[in-house]
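Positions are given from 1, in the same order as the sequence printed here. Side chains are part of it too, since the values below use all heavy atoms of this structure and drop only hydrogens, waters and symmetry mates.
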Amino acid sequence: MKTLKDAKIGSTVKVVRLHGEGPVKRRIMDMGITRGTEVYVRKVAPLGDPMEVTVRGYELSLRKADTEMIEVE
């Protein structure tokens with residue numbers, strides 16, 4: 001299983017599945033990250049937290065804990 005955390009800078013990945021429960025999963029979905037969405041990895045902070053991505057035409061910063069819940073291909 002590959003997660004968004006494992007994606008390389010400059011790559012575009014497709015969301016396969018969201019893990020997590022309740023409000024955390026809902027918050028990720030509210031940000032536009034749903035199954036089938038393409039996510040472009042723009043940059044990652046030196047310690048890996050946060051990660052800046054482009055989703056549905058806008059830029060978004062995600063915490064490392066959130067990126068581990070997003071399964072991609």
Using side-chain contact (heavy atoms from CB on, under 4.5 Å), reason through D49 and R63 one step at a time and then give a plain yes or no. CA-CA 6 Å; D49 197 10; R63 296 180 296 179; 3.9 Å; yes
Residue pairs passing the side chain to side chain donor-acceptor pair (under 3.5 Å) test where at least one lies in residues 21-32, sequence neighbours excluded: R26-D30, R27-D66
In a table with atom names and distances, give each donor-acceptor pair under 3.5 Å that connects a side chain of residues 12-20 to protein atoms at least two apart or in another chain.
residue : atom : partner : partner atom : Å
H19     : NE2  : E71     : OE1          : 2.9

Pair E59, V53 - check side-chain contact (heavy atoms from CB on, under 4.5 Å), show working. CA-CA 6 Å; E59 295 169 10; V53 298; over 6 Å; no
Contact check, side chains of V41 and S11, non-hydrogen atoms, under 4.5 Å: yes
May I have the step-by-step check of side-chain contact (heavy atoms from CB on, under 4.5 Å) for V55 and T37, ending in yes or no? CA-CA 8 Å; V55 181; T37 304; 3.8 Å; yes
Find the distance between CG (L62) and NZ (K5) and round it off to the nearest 0.5 Å. 14.0 Å
I'd like to check L60 versus T54 (side-chain heavy atoms, cut-off strictly below 4.5 Å). Are they in contact? no
Test item: R56 side-chain N/O and G32 main-chain N/O as donor-acceptor pair under 3.5 Å: yes
Are Y40 and M51 grouped together when hydrophobic residues (ILVMFWY) are joined by side-chain heavy atoms under 4.5 angstrom apart? no
Under 4.5 Å between any side-chain heavy atoms of R42 and I9, yes or no? no
With heavy-atom distances below 4.5 Å as the criterion, would you say the side chains of I33 and I70 are in contact? yes
